[in-house]
Amino acid sequence: MKLGLNIDHIATLREARKINDPDPLEAIFVAKNAGASQITIHLREDRRHINDDDVRKIVQSSFLPVNIECACDEKIVEFLCNQKPYKITLVPEKREEITTEGGLDIKKSGLKDIIKEFQKNDIEVAVFIDPNKETTLISKDLGVDGVEFHTGKYANLHLMLYSNLHRTKNCIEEYNFDRKTLKFKLQESVEELHLCTNLAKELSLGVFAGHGLNYNNVEEIVKIKAISELNIGQSIIARSVFVGLKTAISDMVELIK
Ligand code: PXP
């Protein structure tokens with residue numbers, strides 16, 4: 001199983017001051033030396049962290065394959081077809097959201113054409129989907145190369161069960177259940193992931209996963225053998241503030257191994 005390092009939040013830190021520091025470009029060299037297998041960035045419509053210049057520089061300079069997450073926006077699709085990253089992961093996007101909540105609406109009209117457009121430009125395409133049978137089967141029909149399963153539900157249930165979050169103002173109301181229910185739902189979410197990752201593998205799709213994964217919750221996900229790649233960002237960049245980026249990445253690479 002490989003680690004795709006999402007470096008968006010290095011750009012988030014830069015944008016806090018609107019200066020050139022820290023530059024996410026520097027992270028791609030550290031990532032390679034620390035054992036990451038892929039660089040992942042999200043070009044959001046509002047350019048709140050990664051911007052067009054970052055995309056150009058990172059695609060041109062990276063030794064590791066670059067996976068760019070983006071919404072189905074006509075201008076972004078055109079720009080990225082010209083940049084030619086290794087892989088595109090199509091994600092849903094709402095301006096007001098803090099992070100990508102939920103998987104892509106896989107029945108969205110025009111999706112097939114966007115997928116074809118990228119593939120015509122020799123770019124692999126994955127879709128970021130909620131883990132269930134229907135989304136997996138529809139993804140196959142759309143002709144994608146792979147699927148990335150959204151692990152946000154699993155991660156939120158894990159946080160609510162095993163951290164102090166539920167006793168703080170950041171308690172996730174949607175998952176505010178008693179321990180017994182949380183345990184049951186967590187188990188259910190893991191089983192869901194096992195089922196649809198196996199199905200995706202049987203369908204000869206690339207099988208990836210990500211969102212909300214961290215040093216405490218990744219272990220259960222690593223046990224899912226069908227998954228070949230995890231895309232992880234926030235927890236690694238957060239840890240890097242205290243231990244440095246190289247150590248934060250290699251700690252995660254070790255856990256994944
Ligand atoms: N995968 C996808 C498709 C995402 O949109 C994100 C968040 O940008 C991630 C993985 C990484 O999530 P996190 O930052 O919570 O690790």
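What's counted below: heavy atoms across the whole structure, side chains too, no hydrogens, waters or symmetry copies. When a residue number appears, it is its place in the shown sequence, counting from 1.
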Does any non-hydrogen side-chain atom of [Y] lie less than 4.5 Å from one of [X]?
X: Tyr154; Y: Val190; value: yes
X: Val77; Y: Phe118; value: yes
X: Asn6; Y: Glu69; value: yes
X: Asp178; Y: Leu182; value: no
X: Phe29; Y: Ser61; value: yes
X: Gln38; Y: Lys87; value: yes
X: Lys108; Y: Cys72; value: yes
X: Leu137; Y: Leu203; value: yes

Between the main-chain N or O of [Y] and the side-chain N or O of [X], is there a donor-acceptor pair closer than 3.5 Å?
X: Ser228; Y: Val207; answer: yes
X: Ser250; Y: Ala34; answer: no
X: Asp145; Y: Val125; answer: yes
X: Ser163; Y: Met160; answer: no
X: Thr197; Y: His194; answer: yes

Straight-line distance of [X] [atom1] to [Y] [atom2], nearest 0.5 Å:
X: Ile88; Y: Gln119; atom1: CD1; atom2: CD; answer: 11.5 Å
X: Leu161; Y: Asn217; atom1: CG; atom2: CG; answer: 11.5 Å
X: Lys107; Y: Asp105; atom1: NZ; atom2: CG; answer: 8.0 Å
X: Leu43; Y: Ile76; atom1: CG; atom2: CD1; answer: 4.5 Å

Within one Ile-Leu-Val-Met-Phe-Trp-Tyr cluster: [X] and [Y], side-chain cutoff 4.5 Å:
X: Val91; Y: Leu5; value: no
X: Ile221; Y: Leu205; value: yes
X: Tyr162; Y: Leu193; value: yes
X: Phe208; Y: Ile236; value: no

Exercise: do [X] and [Y] side chains pair donor with acceptor under 3.5 Å:
X: Thr40; Y: Asn67; result: yes
X: Lys84; Y: Asn121; result: yes
X: Asn231; Y: Glu148; result: yes

Exercise. How far apart are the closest heavy atoms of Met1 and Glu229, and which atoms are they?
Worked result: CG-N, 4.2 Å
Problem set entry | Qualifying residue, where the test is side-chain contact (heavy atoms from CB on, under 4.5 Å) with Arg14 and the options are Asp54, Asp21, Ile50 |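 So the option named by the test is Asp54.
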For this session: Name the orientation class of the two ring planes belonging to Phe177 and Tyr175 (parallel below 30°, tilted from 30 to 60°, perpendicular beyond 60°).
Result: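 Perpendicular, since the angle between the ring planes exceeds 60°.
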Exercise. In terms of the angle between their ring planes, are Phe128 and His150 parallel, tilted or perpendicular, with boundaries placed at 30° and 60°?
Worked result: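 Geometry flag for His150 against Phe128: parallel rings.
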With the threshold set at 4.0 Å, does a side-chain nitrogen-carboxylate oxygen contact exist between [X] and [Y]?
X: Lys120; Y: Glu117; result: yes
X: Arg48; Y: Asp46; result: yes
X: Asp23; Y: Lys57; result: yes

Problem set entry | Glu192: which of Lys133, Lys185, Lys153 passes salt bridge (Lys or Arg N to Asp or Glu O under 4.0 Å) | Lys153
